[in-house]
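So the structure is just underneath, and the comments pick up after that.
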Amino acid sequence: VDLTVDLDSPVPVYEQIRSQITEMVELGTLSAGAPLPTVRQLAADLGIAPGTVARH
Amino acid sequence: MNPLLFPLLVVISIPGGGIVLLLLICVFAREHSRWRAALPPVPSAGASRRAWLRRGCAVAGVGVAEALGFLVGQRAIPVFVPLGACGYLAGVLLAELTIPGPPREGAVRRASLRRRHLDAYMLPGAVWGWRLAAVAAVAAVTTVAVASEGGVPHSICPNILPWSPLGWGYGAPVLATLLAGGVLVEAMLRRVPGRARPDPAELSTEVDDGYRAASARRALAAGYTLALTPIGTLALLAAGMLGGYCTTVEPVWATPLMWAMIVLGFAAEIGAALGVVGVLTTPDWFPPAPEPGGEAWT
């Protein structure tokens, strides 16, 4: 299950993360309560600040 | 004695340790070469450069101990193994830092939502075993340093070897290397799952996970050597004291305790030797675990 963010998008990155995770749960791609990566892990993989990930 | 001979003295000063170490290295190297021959080819991704970085740092650690030998004489002998392990651990960490990260150019970034756990790369019992050994080593070294500064061991055994681990002259450098090595091991254990996933085009997820597992094993193997070496040294020293070698006073509990110390000392020395073997025989990467019903790596 992959997450994609566009840094040039007018939608804030934290909002992109939040909406994609919500959508994945609604579609059943991601089960509710499934462990997500840690904030630092996801921030490192996406190359963004941990604070941005934590906002979602 | 010439400080250049100190590394040799380190090996022969462990009762039976040199023989055990050589035997284990021979057996494991043979097994490892057989196992490695069956490994699938790996995209280089700088693996050779990282291997030389690890070895170079380990040699630098021993070099620092050798330089200490010229400065402080035989008191440097107990820090040869811990400094070598610390150097190796620094090398493992530096090598890990050189693994390429994800692509940073472009506005579109992609990441997996699969959580990476240390348990996936290493048995959790091994991590807690290392922590227990490290705490025991720090406690043992501190206790011996404090007790011997008060003159307790010398009152029991005035003819103890001149480089024997007594006082803060032994305790301070060994404790410093234990703490430094402990920080490096824990930093590696955090780095293994925390490191960013590289570009899959450059390094596949399977190989990247294999690199993580190999790095975790290297760090723990060196950590075990670092922690178990002083435990073995001190336990065997205590056994020597309790065995009547140094004292004429022999309480009833002295003999059972002496045997317990001998068993603990040899077990710790063998564990430390196994750590060295683990460092020497860890492959560049571990292949992914086979699917249920698939062919296992043997």
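So you know, we letter chains A, B, ... as the sequences are listed, proteins then strands, and number each from 1.
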Decide yes or no for [X] and [Y]: does some side-chain heavy atom of the first lie under 4.5 Å from some side-chain heavy atom of the second?
X: B/R109; Y: A/L7; answer: yes
X: B/L113; Y: A/D2; answer: no
X: B/P193; Y: A/Q41; answer: yes

Shortest non-hydrogen separation from A/L46 to B/A111 and the atoms involved: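 For A/L46 versus B/A111, the nearest heavy atoms are CD2-CB, 3.5 Å.
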
Nearest non-hydrogen partners of B/P102 and A/A44, listed with the distance: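 So the minimum-distance heavy-atom pair works out to CG-O, 3.8 Å.
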
Summary of side chain to side chain donor-acceptor pair (under 3.5 Å) pairs that have at least one residue in residues 184-201 of chain B, sequence neighbours excluded: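 Found B/E96-B/R195, B/W130-B/E186, B/R131-B/E186, B/R195-B/D208, B/R197-B/D208, B/R197-B/D209.
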
Presence of salt bridge, B/R110 and A/D6, under 4.0 angstrom: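 Between B/R110 and A/D6 there is no salt bridge, as every charged N stays at least 4.0 Å from the carboxylate O atoms.
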
side-chain contact (heavy atoms from CB on, under 4.5 Å) evaluation trace for B/R115 with A/L36: CA-CA 6 Å; B/R115 187 173 195 155; A/L36 293 171; 5.9 Å; no

B/R116 versus chain A, the contacting section by heavy-atom distance below 4.5 Å: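 Contact with chain A involves both backbone and side-chain atoms of B/R116.
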
Contact class of B/P198 relative to chain A, heavy atoms under 4.5 angstrom: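 No part of B/P198 comes within 4.5 Å of chain A.
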
Chain B interface, residue from A/V5, A/D8, A/T38, A/V13 that has the most non-hydrogen pairs under 4.5 Å: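 Top count of heavy-atom pairs under 4.5 Å with chain B: A/V5.
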
